[in-house]
Chemist: 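Next up is a structure, given as structure tokens.
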Amino acid sequence: MESLFGKNKERRPGGVLVLYTSKHGATQRYAERIAQPLDALVKEAAYAKADEARTYDAIVLGCPVYAGKLKGLDLLADNIQTLKDKRLVIFTCGLYDPAQEDVRANLDGQIRAALGEAADQAKVFHLRGAIRWSSLGLMERMLMKAFLSQIKKKAETERSETERLMLEAEGGALDFSDEADLDAIVRAARGGAEADA
Ligand SMILES: Cc1cc2nc3c(=O)[nH]c(=O)nc-3n(C[C@H](O)[C@H](O)[C@H](O)COP(=O)(O)O)c2cc1C
């Protein structure tokens, strides 16, 4: 159909859709960086529809961690029966270090609980985010304060490196963002032999 701006571009089914949830920007920045080499559409998960997601070959979903919980898995979880045969790539974004087994196990467990067996087909990556106290809302500040006071109750030797840095950065900013793993996510979204390279 012709429009005032020339021919309407009908998207052919296929390609990669990158979805994210992000209150403070780190997950969004990762999503945009991943979408670039894939020439993928990137959008907030809250504005995506299952019907739209079904037209893609691969879905990359970025989920931040707030108060121990992964956000933004709903679209996938609610429509997993019709989306499970797509290439599913999930990346999480939190402050805690995913090199720690308990941190990874907790996040993987939440994905398994949300997606069931389909989680086994998904490629999952754990990335680290950032926090800036000046950008937190009132409730978030209260939550962080309560959280930090729990950490302060721990003996210094019991605190993880992340917790030590969080205490040090209280009132300021802490940024663990690292783009080193993004190429692996891009490869996983492309699929084929590249995915395992
Ligand atoms: C209120 C609040 C609670 C948080 N709780 C956790 C947490 O339990 N575990 C964690 O690893 N990171 C936690 N974080 C850090 C966020 O995961 C980090 O800021 C991340 O970058 C959030 O993604 P976004 O920047 O896309 O919003 C919390 C951050 C906020 C603001």
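Being a predicted model, the structure only gives us computed values, none of them experimental. All ligand and atom numbering here is 1-based and tracks the order in the structure.
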Chemist: When you compare the side chain of Met166 with that of Met144, does any pair of heavy atoms fall below 4.5 Å?
Modeler: yes

Chemist: Given side chains that start at C-beta, do those of Glu52 and Leu19 come closer than 4.5 Å, heavy atoms only?
Modeler: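 Result no, sub-4.5 Å side-chain heavy-atom pair not found.
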
Chemist: Any Lys/Arg nitrogen of Asp175 or Arg128 sitting under 4.0 Å from an Asp/Glu carboxylate oxygen of the other?
Modeler: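 Arg128 and Asp175: not salt-bridged.
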
Chemist: Give the intermediate values and the outcome of side-chain contact (heavy atoms from CB on, under 4.5 Å) for residues Cys93 and Tyr20.
Modeler: CA-CA 10 Å; Cys93 177; Tyr20 67 87; over 6 Å; no

Chemist: Let me know which protein residues bring a heavy atom to under 4.0 Å of ligand 1; chain then number is fine for ordering.
Modeler: Ser22, Lys23, His24, Gly25, Ala26, Thr27, Pro64, Val65, Tyr66, Ala67, Gly68, Cys93, Gly94, Leu95, Tyr96, Gly129, Ala130, Ile131, Leu136, Glu140, Met144

Chemist: How long is the gap from CG on Leu167 to CZ on Arg159, to the nearest 0.5 Å?
Modeler: 5.5 Å

Chemist: Within the structure provided, determine whether Arg141 and Lys145 are in side-chain contact (heavy-atom separation under 4.5 Å).
Modeler: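 The answer is no, as the side chains (C-beta and beyond) never meet within the 4.5 Å cut-off.
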
